[in-house]
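First the structure, in the form of structure tokens, and then the observations on it.
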Number of protein chains: 2
Amino acid sequence: MGVNSNNRVEHFVCNNGSTIKIQTDIQMPPPLEIHKVRLPPERTTLQKLRQRLSEIFFPDDPLHMFKNQTWLMKLLLALQYLFPIFQWAPHYNLSLLRSDIISGLTIASLAIPQGISYAKLANLPPIIGLYSSFVPPLIYSLLGSSRHIGVGPVSIASLVMGSMLSETVSYTQDPILYLKLAFTATFFAGLFQASLGILRLGFVIDFLSKATLVGFMAGAAIIVSLQQLKGLLGIVHFTSKMQIIPVLVSVFKQRDEWSWQTVVVGFTFLAFLLITRHISLKKPKLFWVSAAAPLTSVILSTILVFILRNKTHEIAIIGELPKGLNPPSSNMLYLNGPYLALAIKTGLVTGILSLTEGIAVGRTFATLKNYQVDGNKEMMAIGIMNIAGSCSSCYVTSGSFSRSAVNYNAGAQTAVSNIIMASAVLVTLLFLMPLFYYTPNVVLGAIIITAVVGLIDYQAAYKLWKVDKLDFLACLCSFFGVLFISVPLGLGIAVAISVFKILLHVSRPNTLVLGNIPGTPIFHNLNQYREALRISSFIILAVESPIYFANSTYLQERILRWIREEEERIKANIESTLKCIILDMTAVTAIDTSGIDALCELRKVLDKRSLQLVLANPVGNVMEKLHQSNILDSFGLKGVYLTVGEAVADISSSWKAQP
Amino acid sequence: MGVNSNNRVEHFVCNNGSTIKIQTDIQMPPPLEIHKVRLPPERTTLQKLRQRLSEIFFPDDPLHMFKNQTWLMKLLLALQYLFPIFQWAPHYNLSLLRSDIISGLTIASLAIPQGISYAKLANLPPIIGLYSSFVPPLIYSLLGSSRHIGVGPVSIASLVMGSMLSETVSYTQDPILYLKLAFTATFFAGLFQASLGILRLGFVIDFLSKATLVGFMAGAAIIVSLQQLKGLLGIVHFTSKMQIIPVLVSVFKQRDEWSWQTVVVGFTFLAFLLITRHISLKKPKLFWVSAAAPLTSVILSTILVFILRNKTHEIAIIGELPKGLNPPSSNMLYLNGPYLALAIKTGLVTGILSLTEGIAVGRTFATLKNYQVDGNKEMMAIGIMNIAGSCSSCYVTSGSFSRSAVNYNAGAQTAVSNIIMASAVLVTLLFLMPLFYYTPNVVLGAIIITAVVGLIDYQAAYKLWKVDKLDFLACLCSFFGVLFISVPLGLGIAVAISVFKILLHVSRPNTLVLGNIPGTPIFHNLNQYREALRISSFIILAVESPIYFANSTYLQERILRWIREEEERIKANIESTLKCIILDMTAVTAIDTSGIDALCELRKVLDKRSLQLVLANPVGNVMEKLHQSNILDSFGLKGVYLTVGEAVADISSSWKAQP
């Protein structure tokens with residue numbers, strides 16, 4: 001039978017000297033019937049366009065629940081779709097309310113100090129942070145579909161807004177303009193978020209990959225923490241820059257401004273907060289320890305400063321805060337003038353960042369409790385909440401990681417916990433504001449640091465390193481970009497690297513040589529499957545990517561190189577000559593006109609060298625394109641097979657027939 | 001056997017009421033042995049990095065010819081590699097020389113009038129066009145690996161250089177500065193081209209897809225032709241803008257400046273040139289008709305104007321041209337000052353455009369004659385030729401389509417035809433310049449129009465429409481972008497659309513439901529193969545894309561939708577319940593950390609619904625990543641199969657074993 005003694009005994013392949021014997025028909029599984037490769041059912045351009053568009057914009061088929069319903073039911077469903085509150089409100093009961101009150105009060109105790117602190121991070125008056133913890137949660141509870149999100153200001157978006165706006169406008173010299181720009185940026189953030197939802201372009205935020213976010217968050221957390229050194233050390237003259245180097249230079253240059261009173265108070269409370277955080281991390285049941293710690297710190301430090309008020313002039317305090325509800329601010333929107341572009345840009349960046357956090361939070365807790373959160377609907381909810389917020393003295397808000405986790409752990413059942421929280425903030429706004437007069441700023445700094453420390457996820461970074469080096473690189477780049485260049489630019493670099501990674505994968509796709517796994521009709525990567533065997537006179541190549549303009553030249557050259565190397569190998573081993581190249585097109589999920597031209601050209605080049613080119617298993621739309629461009633005819637009847645196995649069997653038997 | 005009478009008789013699937021009978025073991029091809037999915041052989045990070053980098057930068061394995069050679073041979077090969085002239089010079093003979101002299105003289109007769117015309121297109125003195133047809137061809141003949149390229153100025157790059165530079169600097173008011181910037185842009189174009197070649201980043205030009213180039217070229221051809229109306233109509237005060245609207249407005253506003261003498265001469269010669277072009281297109285053997293026509297037109301029109309020189313003052317003529325060889329111009333490089341950025345930008349854009357044309361021309365003719373052109377080497381050759389050109393009073397040159405086609409048709413055998421052409425230009429520069437004194441500008445306009453008309457490839461555009469609508473859209477956008485906005489911006493739009501197309505494909509990949517093709521272990525798209533059958537209790541989904549951060553959320557939701565729809569279908573048909581989801585990962589050629597997380601989450605969600613998730617045929621590097629991230633363990637022994645067929649057989653038999 002001419003079995004090559006170098007190989008284990010196998011059907012198929014063998015060579016001895018110059019005669020070739022191929023035995024596909026003996027052990028080749030069932031009596032071989034050659035299947036024709038089908039074209040997909042014909043559709044008009046319009047049908048194809050429609051299907052493509054619905055796949056792009058409505059992959060979740062949002063209208064499926066309206067099918068086969070009465071008109072009244074459709075109306076009710078539409079109402080429930082737009083206002084998820086109608087879904088759960090009818091089933092609401094006292095036991096749910098009890099859970100929601102507990103969790104609502106718990107997050108309120110966190111939200112009040114965080115609101116004040118984050119507003120300072122955005123260089124805004126502290127009261128804005130409280131306003132932002134009142135209106136947006138109410139609106140979200142009407143529109144949002146997540147049951148566990150805790151809505152309010154978030155650290156990253158606050159930081160970015162603060163850094164972007166104060167690069168151009170000084171918040172000390174022109175506080176009114178600064179405030180106006182903050183509301184305007186919030187307005188555009190909301191507009192942008194809502195439009196993404198309405199236009200169903202939610203996939204835009206997918207381009208912030210987890211890898212880049214890990215790096216970005218860690219960098220931002222460090223930037224935020226360093227900024228707090230101003231408050232923690234009691235420095236008065238601090239740099240307005242955000243990068244790590246000027247901040248550190250500023251810290252050490254103003255050593256003479258460091259105030260020991262502030263340092264002692266600050267680091268004491270920082271230690272207290274970090275310890276409570278550590279306790280809650282170790283024992284998730286004790287989540288309330290870290291949840292209550294910020295408010296406790298605020299109360300304790302306020303009492304302390306109040307008692308020692310004659311001896312602690314060095315410690316900066318919040319001072320007078322206006323009592324009363326959110327004043328309207330729609331008259332403060334800055335829609336015309338030289339800073340409009342800045343406001344829009346800031347709105348876009350903070351909008352996309354807060355959206356990313358909000359959606360991720362919603363999805364995380366939905367998965368834990370096994371319910372679905374509709375990304376596009378969430379975007380609309382968050383967007384409308386920010387638009388409304390911008391007209392009621394709020395700045396950018398979203399679902400925050402830390403608050404939502406506390407909400408979830410405290411047993412929140414529905415969005416009512418947000419309403420409870422808002423009510424608590426309402427009481428605070430109406431009656432408790434004077435109590436914050438003596439609250440020291442340094443405690444706010446400690447609260448911020450404790451909140452952002454959790455954003456440094458070194459374990460995730462280590463996992464990235466272990467699993468995917470290129471992802472890790474993207475992570476590093478966004479980390480250092482944020483630290484050393486700027487927050488928005490760091491984000492830009494991160495996105496650029498992610499996109500570059502995709503493009504690199506497309507422009508330099510893998511090509512593999514396949515071999516037969518003995519005793520089966522399965523063909524697999526020779527490198528991965530040591531038992532797989534080459535088939536003499538054939539080389540079987542798999543292309544692992546769509547064939548596009550971006551890789552058509554590369555693939556053509558790479559395939560020719562595989563053939564050259566195979567011919568060299570054959571020459572060295574004195575095997576029988578190469579006659580046929582089979583391209584396994586299973587993973588070629590698309591082809592464009594450049595790709596078709598490349599295939600055509602490859603066929604011509606190989607033809608001139610008397611080598612046969614055969615395609616195996618082209619998928620539906622590739623078949624369609626090959627057919628439309630008439631190159632199927634040039635491949636002929638024996639040019640396209642359904643599987644590699646059938647191609648090998650049929651071609652080698654045809655060689656036998658005509659020796 | 002419980003065969004469902006709705007289906008044709010098949011093994012595998014059947015349902016009747018509530019009991020399920022699955023018969024895979026009877027007709028399922030050979031006695032089933034379950035193959036383990038292997039991990040690819042282990043490699044260190046460094047090895048992987050090395051392989052990846054060599055695949056990115058050295059896919060053609062340029063050093064393979066140096067393997068197993070003596071030192072002397074290696075030296076000779078290196079010399080031949082750097083200077084391809086050493087490859088063919090030893091075999092050069094008289095018969096080759098004869099062919100090269102004929103083709104060299106033919107392209108010289110085309111190159112001289114084209115050189116003068118294209119220089120005017122770039123708003124440069126005509127003599128620069130001749131200089132550029134002398135030095136660069138000589139350098140290319142030493143370094144280039146294409147045997148058929150005709151080197152010299154090219155229309156698109158000339159147009160782009162003219163439009164980009166004259167937007168900022170006036171070529172009439174400040175001709176010296178303009179000339180300096182042109183040389184500097186040429187220098188940077190060369191530097192950029194050579195660096196692409198040396199750094200092996202040639203794939204950058206692949207991002208100019210054929211589709212966008214078709215649109216871009218057609219738009220540019222129209223812009224160029226409209227610009228020639230100035231000369232053809234004899235208008236003196238013409239707009240300096242390039243867009244179609246201001247140019248047409250300008251043409252009709254200056255109707256009083258139209259000169260009938262110019263119009264008559266211009267359109268006569270235009271008609272003559274277009275007719276000769278038509279003849280050569282119809283009968284490729286008569287290529288010399290169109291090749292000789294420009295020079296004939298120049299000679300005839302010059303004689304005509306000379307004879308009637310007292311009566312044709314309206315017709316603008318070239319006038320005095322300096323005699324002599326290229327003067328050195330390295331002292332004119334503008335490397336410091338406010339316009340440097342403009343020069344660099346112009347250099348980059350013209351560099352990439354001329355490179356694209358040069359490489360495409362080289363590849364086209366190499367394929368026709370079945371030899372290889374090394375892209376990276378060509379880039380180096382074209383780059384060095386432009387750097388040298390910028391120091392010897394030349395502007396951007398490349399291999400031009402029209403001239404190379406004439407060269408090929410005239411029988412050029414080696415780069416010697418370029419040397420012959422350069423010699424003919426040399427003779428012209430030294431002795432014949434005064435003859436051009438009376439050449440009318442209007443003839444140059446006619447020559448340009450005839451040359452660029454061929455760039456409007458409406459057949460290619462029609463083919464794009466037929467085969468790929470999205471490609472056609474990219475083509476249209478770049479066409480209208482060039483016409484209505486600007487040439488560089490049109491190019492930018494075109495590239496952006498191409499990249500967007502790739503990203504869209506990645507972020508919204510296809511998912512298919514597979515069915516079994518009766519009598520085989522083959523599973524295929526149910527939609528494409530009508531004979532394929534669903535298998536009861538299973539849904540088999542194929543994901544047609546790598547799983548990335550950009551599509552992981554989408555895929556997760558899309559897969560859940562498939563399952564929901566399948567469950568609804570099952571409910572409607574009262575079939576047996578769904579128990580197992582098989583993901584065919586054959587086309588999932590890569591996965592990143594977000595993708596792994598998505599798979600994990602999907603598994604958890606399905607677990608909660610008591611559905612089993614199984615992966616079939618994960619490729620090498622996907623297996624590796626799954627292994628590294630420890631999720632393979634969570635899938636367990638029965639979670640990953642080599643083929644869909646084995647998965648179905650094994651899982652359904654395990655159900656049978658434990659009813």
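Here is the naming used below: chain letters follow the sequence lines, and residue numbers restart at 1 for every chain. Just so it is clear, the structure is predicted and the values come from calculations on it, not from any experiment.
Neither the backbone nor the side chain of A/Leu49 comes within less than 4.5 Å of any heavy atom in chain B. Only the side chain of A/His524 comes within contact range of chain B, judged by heavy atoms closer than 4.5 Å. Contacts between A/Asn551 and chain B at a heavy-atom distance below 4.5 Å are absent for every atom of the residue. Neither the backbone nor the side chain of A/Val588 has a heavy atom closer than 4.5 Å to any heavy atom of chain B. Contacts between A/Pro546 and chain B at a heavy-atom distance below 4.5 Å involve the side chain alone, from C-beta outward. Contacts between A/Glu557 and chain B at a heavy-atom distance below 4.5 Å involve the side chain alone, from C-beta outward.
The CZ atom of B/Arg363 lies 8.0 Å from the CD atom of A/Gln556; values are rounded to the nearest 0.5 Å. To the nearest 0.5 angstrom, A/Lys210 atom NZ is 10.0 Å from B/Ile596 atom CD1. Rounding to the nearest 0.5 Å gives a distance of 10.0 Å between CD1 of A/Ile359 and OG1 of B/Thr553. Atom CG of B/Leu464 sits about 8.5 Å away from atom OG of A/Ser594, to the nearest 0.5 Å.
Minimum heavy-atom separation, B/Lys466 to A/Asn630: NZ-ND2, 3.9 Å. Taking each heavy atom of A/Val467 and B/Gln628 in turn, the nearest pair found is O-OE1, 3.4 Å. Nearest heavy-atom pair across A/Gln528 and B/Pro618 is NE2-O, 3.8 Å. The shortest non-hydrogen separation linking B/Thr45 to A/Lys469 is CG2-CE, 3.3 Å. Shortest non-hydrogen contact noted between B/Glu646 and A/Ile522 is OE2-CD1, 3.8 Å.
Looking at heavy atoms from C-beta onward, B/Phe207 lies in side-chain contact with A/Ser507 at the 4.5 angstrom threshold. Two residues are said to be in side-chain contact when any heavy atoms from C-beta on lie closer than 4.5 Å; B/Ile502 and A/Phe549 meet this criterion. Put simply, the side chain of B/Lys501 reaches to within 4.5 Å of the side chain of A/Asp592, judged on heavy atoms.
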query: Should B/Glu55 and A/Arg558 be marked as a salt bridge (Lys or Arg N to Asp or Glu O under 4.0 Å) after you check the CA-CA gap, both sets of side-chain angles, and the distance that decides it?
result: CA-CA 9 Å; B/Glu55 209 48 61; A/Arg558 194 67 184 84; 2.6 Å; yes
message: I'd like to know whether A/Lys625 forms a salt bridge (Lys or Arg N to Asp or Glu O under 4.0 Å) with B/Asp471, so could you lay out the CA-CA distance, the side-chain angles of the two residues, the decisive distance to 0.1 Å, and finally the verdict.
response: CA-CA 12 Å; A/Lys625 293 239 166 100; B/Asp471 269 4; over 6 Å; no
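Residues B/Asp468 and A/Thr593 bring no donor and acceptor atom of their side chains to less than 3.5 Å of each other.
Enclosure of atom NZ in A/Lys48 by more than 12 non-hydrogen atoms of other residues, nucleotides or ligands within 6.0 angstrom is indicated.
Among A/Asn621, A/Asn510, A/Leu504, the residue making the largest number of heavy-atom pairs under 4.5 Å with chain B is A/Leu504. Interface summary for chain A: among B/Arg564, B/Glu565, B/Glu624, B/Glu568, the most heavy-atom pairs under 4.5 angstrom belong to B/Arg564. Among A/His505, A/Lys608, A/His627, A/Glu601, the residue with the largest count of heavy-atom pairs under 4.5 Å with chain B is A/His505. Comparing A/Val605, A/Thr212, A/Leu503 by heavy-atom pairs within less than 4.5 Å of chain B, the highest count is held by A/Leu503. In terms of heavy-atom pairs under 4.5 angstrom with chain A, the leader among B/Val619, B/Thr643, B/Val499 is B/Val619.
The pair B/Arg508-A/Asp206 fails the salt-bridge criterion, with no side-chain N (NZ, NE, NH1 or NH2) lying under 4.0 Å from an Asp/Glu carboxylate O.
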